[in-house]
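Contents: one structure, followed by commentary.
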Amino acid sequence: MQSIIGGTAGKVWKLLEKEGEMSVTQVTRKLNVDAFTTTAAIGWLAREAKVIVSRKRSAAVMYL
């Protein structure tokens, strides 16, 4: 499972680098992965200080 989350973290980072700020839902849909894997990957990136996660209205958004 850790390799799946790590691989997804790389995909999330590349997606945000290319397209800019996105919500968790947008990332999940664009990468076609389940919500658990997406949020775990975002947590991985946040722990490494590679993304910034904030709240905009009722959604969590992230950006580099």
Side-chain angles (χ1 to χ4, degrees):
M1 189 66 175
Q2 189 172 1
S3 63
I4 293 170
I5 294 168
T8 303
K11 291 176 185 178
V12 169
W13 192 85
K14 287 176 186 175
L15 180 64
L16 293 174
E17 182 179 48
K18 180 181 177 186
E19 298 196 20
E21 180 179 282
M22 300 180 90
S23 71
V24 175
T25 303
Q26 289 171 316
V27 171
T28 301
R29 288 182 183 152
K30 289 224 178 218
L31 295 181
N32 196 30
V33 296
D34 62 277
F36 173 81
T37 304
T38 302
T39 55
I42 293 165
W44 181 308
L45 292 168
R47 176 103 164 58
E48 293 181 348
K50 292 188 177 178
V51 296
I52 298 169
V53 181
S54 64
R55 186 172 277 291
K56 204 178 237 189
R57 296 186 201 120
S58 63
V61 294
M62 71 214 88
Y63 52 94
L64 300 179

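Atoms considered below: every heavy atom in the structure, side chains included; atoms not considered: hydrogens, waters and symmetry mates.
Taken together through direct or relayed side-chain contacts under 4.5 Å among Ile, Leu, Val, Met, Phe, Trp and Tyr, Val12 and Phe36 form parts of separate hydrophobic clusters. In the hydrophobic clustering of ILVMFWY residues, with side-chain heavy atoms under 4.5 Å counting as a link, Val24 and Trp13 come out together. One hydrophobic cluster, built from ILVMFWY side chains closer than 4.5 Å, holds both Ile42 and Met22.
Looking at residues two or more places apart in sequence or on another chain, you find a side chain to side chain contact (heavy atoms under 4.5 Å, CB included) between Gln2 and Trp44. Partners of Val33 by side chain to side chain contact (heavy atoms under 4.5 Å, CB included), not counting sequence neighbours, listed by chain and number: Thr8, Leu31, Thr38.
Within the 4.5 Å cutoff, the side chain of Met1 has heavy atoms near those of the Thr37 side chain.
For the atom pair Gln26 CD and Leu15 CG, the distance stands at 9.0 Å (nearest 0.5 Å). Rounded to the nearest 0.5 Å, atoms CD1 (Ile5) and OG1 (Thr39) are 8.5 Å apart.
For the salt bridge (Lys or Arg N to Asp or Glu O under 4.0 Å) condition, the pairs that include at least one residue of residues 24-45, sequence neighbours left out, are Glu19-Lys30.
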